[in-house]
Amino acid sequence: MKVAFLGLGAIGAPMASHLTDEPFDLTVWNRTGEKAREFAEEQGVYAEEKIADAVRDADVVITCLPSSREVNGILDKIMSGIQRGALMIDCTSGDPATSRKIASQLAGMNVGFVDAPVSGGVKGAVAGTLTVMCGGTEKDFERARPVLEAFGKKIIRCGDVGAGDAVKAMNQALLAIHIWSAGEALAALAKLGVTAQVALEVINGSSGRSNSSENLFPERVIGRKYPRTFKIALLDKDVGIAAGIVDETQTPAPFIDLAAQLFADAHKQLGEEADHVEAVRIIEEKAGVRIS
Ligand code: NDP
């Protein structure tokens, strides 16, 4: 099966690395060509300079870019090379409306589309254990499944095109809320003299626990190491998509709206390259206390 993978970023590269062996015949493209050339050399696959050349003859084209805006930005180039009957799988954490628009443009060329954002972080991508949430027809989902199984463990069709993006955005809103609320709780406890280590030991054996309290805080806040595996810029984008969905569906959602506002401000303050968990630094600054 010929696969073209476009976008070898922090998560795209480890995902693509699972498609380098039989039955896949992989060609990669990246905006910064050097990264694609290095990847191709290391993995023994092909790299192309031009998108149209990378997608030509591909049965499946995978995109993994920051947002739907960038995917839409290269759509003309994809369409200039892609063959009729191919399938595009967008693993970007995108927005449902843009995905539906892209799908309808591709349908005009008899090209299928599945939005397939992932969860599980860079670690999950390296291990090939990502959760993949999909939107598309049953038929396109079944065509996408063998490719997604290369890097995904739990692969779920959530509904029609855009449904995968919508579920991903809501997952990210929950992640943002968990990070921020755990940060607030630990800041208040620090002022009472309770250390973060002790508080997390209790919380992680109790009903307030989350992935943030179990993994992110021990790894990054306690150790004060913030590896840049997932940028706050991307979480800000994701929670913004979630806020757009609750607005569009007229669902009263003050928590999600507030999370979007807090992460937009944190992104502005911390800059493009900060890690998403560094939002805790803003909480510490406002509270005038160090959590650990
Ligand atoms: P990165 O910022 O590490 O990589 C972004 C990729 O997109 C790079 O290949 C970059 O190319 C390319 N790119 C950026 N702008 C453009 C453009 N205008 N045109 C073409 N290509 C462009 O992001 P991640 O890999 O972390 O994230 C990718 C997607 O996966 C995002 O939607 C993110 O929300 C999602 N995601 C990420 C996770 C993570 O842990 N990192 C976890 C789950 C989902 P270049 O090399 O030239 O900069």
Side-chain angles (χ1 to χ4, degrees), residues 4-18 28-40 47-52 54-55 61-78 88-96 98-99 102 115-135 148 151-155 164-176 179 211-212 215-216 219-220 226-242 263 267 271-278:
F5 199 108
L6 316 181
L8 300 171
I11 199 151
M15 285 163 66
S17 70
H18 293 284
V28 294
W29 173 89
N30 193 66
R31 179 181 62 174
T32 306
E34 186 57 29
K35 277 195 210 167
R37 286 192 291 278
E38 271 175 25
F39 180 95
E48 289 287 355
E49 291 292 319
K50 291 193 174 151
I51 293 172
V55 304
V61 173
I62 304 179
T63 38
C64 190
L65 304 185
S67 73
S68 294
R69 193 183 328 150
E70 288 80 20
V71 180
N72 198 44
I74 61 166
L75 189 63
D76 281 352
K77 288 178 180 148
I78 292 175
M88 175 164 158
I89 303 175
D90 184 19
C91 290
T92 304
S93 302
D95 71 85
T98 310
S99 286
I102 290 172
D115 47 302
V118 302
S119 186
V122 171
K123 271 189 197 163
V126 171
T129 55
L130 293 171
T131 295
V132 192
M133 49 218 99
C134 303
L148 299 176
F151 48 76
K153 193 170 168 201
K154 187 176 271 196
I155 298 157
D165 288 337
V167 173
K168 173 70 185 178
M170 291 307 166
N171 178 74
Q172 298 302 92
L174 295 179
L175 168 66
I179 292 173
N211 179 54
S212 301
N215 296 308
L216 297 176
E219 268 173 25
R220 302 179 192 209
Y226 294 100
R228 271 106 204 229
T229 54
F230 182 57
K231 295 173 193 159
I232 197 164
L234 293 172
L235 186 54
D236 171 21
K237 173 256 317 179
D238 290 339
V239 192
I241 295 171
F263 274 84
H267 172 194
E272 291 309 305
E273 296 304 318
D275 177 60
H276 64 306
V277 188
E278 288 187 72

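First listed ligand is number 1; within each ligand, the first listed atom is number 1. Position 1 is the first residue of the sequence, and the numbers go up from there. Note that the structure is predicted; figures quoted are calculated from it, not measured.
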J.: List, for ligand 1, each N/O atom that has a protein N/O partner under 3.5 Å away, with both atom names and the distance.
T.:
from, atom 1, to, atom 2, distance (Å)
ligand 1, 2 (O), Lys231, NZ, 2.8
ligand 1, 3 (O), Ala10, N, 2.8
ligand 1, 9 (O), Leu8, N, 3.3
ligand 1, 9 (O), Gly9, N, 3.3
ligand 1, 9 (O), Asn30, OD1, 2.7
ligand 1, 15 (N), Arg31, NH1, 3.2
ligand 1, 25 (O), Ala10, N, 3.0
ligand 1, 25 (O), Ile11, N, 3.0
ligand 1, 32 (O), Leu65, O, 3.1
ligand 1, 32 (O), Pro66, O, 2.8
ligand 1, 32 (O), Ser93, N, 3.0
ligand 1, 32 (O), Lys237, NZ, 3.2
ligand 1, 34 (O), Ser93, OG, 3.4
ligand 1, 34 (O), Lys237, NZ, 3.0
ligand 1, 40 (O), Thr229, O, 3.4
ligand 1, 41 (N), Thr229, O, 2.7
ligand 1, 46 (O), Asn30, ND2, 2.8
ligand 1, 46 (O), Lys35, NZ, 2.5
ligand 1, 47 (O), Arg31, NE, 3.0
ligand 1, 47 (O), Thr32, N, 3.0
ligand 1, 47 (O), Thr32, OG1, 2.5
ligand 1, 48 (O), Arg31, NH2, 2.9

J.: Say whether Arg220 and Thr229, considering side chains only, have a donor N or O and an acceptor N or O under 3.5 Å apart.
T.: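 On atom types as modelled, these side chains qualify, holding a pair under 3.5 Å.
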
J.: For the residue pair Ala116 and Cys134, what are the closest heavy atoms and their distance?
T.: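 Looking at all heavy atoms of both residues, the shortest contact is CB-SG, 4.0 Å.
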
J.: Could you check whether Thr63 and Asp90, counting side-chain N and O atoms only, form a donor-acceptor pair closer than 3.5 Å?
T.: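 Asp90 vs Thr63: donor-acceptor pair found between side chains.
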
J.: How long is the gap from CD on Glu49 to CH2 on Trp29, to the nearest 0.5 Å?
T.: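 Between Glu49 CD and Trp29 CH2, I get 10.0 Å after rounding to 0.5 Å.
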
J.: Check whether any side-chain N or O of His18 sits under 3.5 Å from a backbone N or O of Ala125 as a donor-acceptor pair, and report yes or no.
T.: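 Yes, His18 side chain to Ala125 backbone: donor-acceptor pair under 3.5 Å.
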
J.: If you take all heavy atoms of Ile241 and Ser93, which pair is closest and at what distance?
T.: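 For Ile241 and Ser93, the tightest heavy-atom pair comes out as CD1-O, 4.0 Å.
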
